[in-house]
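To keep things clear, I will list the structure first and then write my remarks on it.
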Amino acid sequence: MKIRTRLIILTSLCILLSVSIFVGLYWLENQHAQLFKRIEDIGRIEVQTSLLRSQFHMHERYNDSDSIAKATKVQQSLHLQLNKMKFEEGQLQTYRNSLLRLNNSLSSLLTKLQEVHGADYPGHLVLESHHHLMDRLDNTILSMSEDSFKLATLAQKITKAKTHESMLFIDALLLSLTLMISLAALQTLNLFRSRLNTLETGITKVASGDTDYQIQVSDNDEIGLIAGHFNQMTQSLKESTISIDELQHEVEKRTCELEQQKEAFKELAEQDSLTGLANRTTFLGNLSSTIARCKREQSSAAVFFIDLDKFKQINDSLGHNAGDKVLIETANRFGKSLRLNDLIARIGGDEFSVIIEPLHNVHDAGELARKLIKCLNKPVKYEGRELYLNTSIGIAVYPDDGEEPLELMRNADAAMYKAKKAGGSDFHYYSKEMNQNALMWMQLEADLRLALKHKHLEVYYQPQFDIHSNSLIGIEALARWNHPEKGMIPPDQFIALAEDKGLIHELGSQVLEQACNDAKDWRSSDGIPLTLAVNISPKQLNEANLPRVIKAILDKTGFDANQLELEVTESYILQDPEDAIFKLQQLRDMNIQLALDDFGTGYSSLSYLKRLPLTKLKIDKSFVDGIVNLSEDRAISTTIIALGTSLNLVVIAEGTEEKAQIDILRKEGCHQAQGYFYGKPQSASELAANFLNNEEKITEKV
Ligand code: C2E
Ligand code: CA
Ligand code: CA
């Protein structure tokens, strides 16, 4: 049975008990009232009887009719009282009837007495009858008095007995009701307590981790239902969690994995992942220890800064795989050439560093550097090609060239730069002046930022000619920087600096805008607008918004896109040919012409060349230089011309300085040429003066 039902029953029993007590009390009250009424009634009869008796005695004494009349009145009133009386009980009714009968005889006796005392009776008869009647009257009144007394006693007895019985019944009823209630309450309490105990034990067990425990409570009441839900919950909890053993196993597994990862990270943090050599951080840490040791032992050490020459070219033209192969091979060869004590590390893209300790003689460092350069002499084989490597090495010596790790590295770097500048494939010892060189570069960068901010860069223009008609057909825009103190700075220097320091986008935009403004109205002698060729750096092409930037400049300057030719280098294409095809197509879709600059210096694949949306090929100056005297250069130039023509591209030769070169190029079918022979790059005003309105001067030369 449900607890709710039990509680309802208990409450109902309590209500019943209260009602019973109320009804019992009411009934008892009623019983009392009845008893009092009876006693009152009987009392009244007694009063009447004693009144009658006194009346009777009065008459006896005075012997008058007045007393009889009074007695009759009392008798009548007694009659009325008796009539009014109603009893349910038989015995009482019997006594009442006897009283009524006595009263009737009393009435007839009184009537007779009145008759006796009437006038016609003879005196002796009157007295005789009078005494006779008086005796009977007395007897009747006496028996009435006795009867009324008996009636009162009986009524009292009966009422008492009835009340007693009813009281017994009510007592029994109330007692049994109370008993029932107590029993029901006790049972409910007990049940409630035991079920709560079971529930609590179960919950405690589950809470302590025993998810297998099931609370055994029949589900026919609310606690049973709660227990059922709890069991379900424990079950799903068990299904969704894993055991302590499993958990422990999992924790151990994870800890092991983490340890392994930590080891791997540590190795990664200390090692260069490609070559397996120490990395920059480890190298600097080792260098610190070396310096500390040298300080203690008053000994010397040398730091090498090694940079591969032309590594970028290999990486750009043959891809990262080729670059990686070269780096791994270099690391191996260096490793074999060094002593076990020497530490070698890869500290950047194609940069390596070595610590030589102890260094007994400064010349030993030079000897070792020479050995390292020599070990790269043998070409590296990659996909059937032979890649020739060169390296430049800078040497800084502790304590002469620095006493801090970074200082030694910086100075070795400066020495390496010197070796590279001098043609590469060599080593150089650090000297104090080299630092000034580095400072100079920093100063130059600051100056370039300022020049760009104030738009101080200029644009020079080099004319381009149709090699057959000798007519001016275009111009190439070339950036110029006239430094306030250093004078003209060659673009090779500041363009590389701008690319390195992220300034090339601003520089390229300024040059393009300036050139578009200048060349807007320039035309050939036939009145045809001149093509304006502008160089675009790979870094600019890698910027996704380049087409938008160019469009904005064309819109701003009003320059016709058809007239614009952008020059991209072969090395840019080789970085990611598919991406280059996509990006160049975007520009071609804007009607801009596209020339491939420095053609022949990279390793362009013919299949890509076919798919690139180009309009022009530029034969690199290095081939044009030897075209007259070197048969290979002439063969390459001829091939490029034939290739360009077959691909429907215009072929232009750059760096033409002599008439003989022009003659050969013309003969081989080259379409256009530019170079000092025709004209050096010059300012807009010079170009206007020299070429735009000066037909004779040109034809005179050719
Ligand atoms: P480039 O595009 O191959 O430009 C041709 C270079 O050869 C120019 O050098 C030019 O002055 C030089 N030159 C032309 N004809 C002759 C000749 O007959 N003999 C000799 N010896 N040299 C000749 P410049 O102006 O010093 O430019 C060097 C490089 O700087 C350019 O090579 C180009 O790659 C880059 N450059 C110049 N201006 C810009 C520019 O505005 N933007 C970008 N991204 N690169 C530029
Ligand atoms: Ca160019
Ligand atoms: Ca070029």
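Order of appearance sets the numbers: ligands from 1, and atoms from 1 within every ligand.
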The Ca ion (ligand 3) has as its nearest N, O or S atom from D598 the atom OD1
Q: Kindly state if atom 6 (C) of ligand 1 has a protein heavy atom within a strict 4.0 Å cut-off, that is, under 4.0 Å?
A: no
Notebook entry, point to check: Protein heavy atoms: any of them under 4.0 Å from atom 32 (O) of ligand 1?
Noted result: no
With heavy atoms and a 4.0 Å threshold, my read on which part of T656 contacts ligand 1 is backbone
Worksheet entry | E578/R611 ion pair, N-O < 4.0 Å | yes
Checking heavy atoms under 4.0 Å, the part of K621 that sits near ligand 1 is side chain
Nearest non-hydrogen protein atom to atom 34 (O) of ligand 1, with distance, is N535 OD1, 4.6 Å
Answer key: the N, O or S atom of E654 nearest to the Ca ion (ligand 3) is OE2
So for E476 against ligand 1, with non-hydrogen atoms under 4.0 Å, the contacting part is side chain
Logged contact type for K680 with ligand 1, heavy-atom cut-off 4.0 Å, is neither
If we only consider heavy atoms of G508, is any one of them less than 4.0 Å away from an atom in ligand 1?
no
Ranked by distance from atom 15 (N) of ligand 1, the top protein heavy atom is Q462 NE2, 2.9 Å
Notebook entry, point to check: So is E499 in contact with ligand 1, going by heavy-atom distances below 4.0 Å?
Noted result: no
Closest to atom 4 (O) of ligand 1 by heavy-atom distance, out of D620, L478, V459, is L478
protein heavy-atom neighbour closest to atom 30 (O) of ligand 1 works out as P491 CB, 3.6 Å
Of all the N, O or S atoms in D597, the one nearest to the Ca ion (ligand 3) is OD1
Of Y678, Y676, F677, W481, the residue with the heavy atom nearest atom 13 (N) of ligand 1 is Y676
To atom 28 (C) of ligand 1, the nearest of I489, T569, D492 on a heavy-atom basis is D492
How are the rings of Y678 and F465 set to each other: parallel, tilted or perpendicular (split at 30° and 60°)? parallel
Presence of salt bridge, E476 and K618, under 4.0 angstrom
yes
Logged contact type for A479 with ligand 1, heavy-atom cut-off 4.0 Å, is both
Hey, does E657 come in under 3.5 Å of ligand 1, counting only N/O atoms on both sides? yes
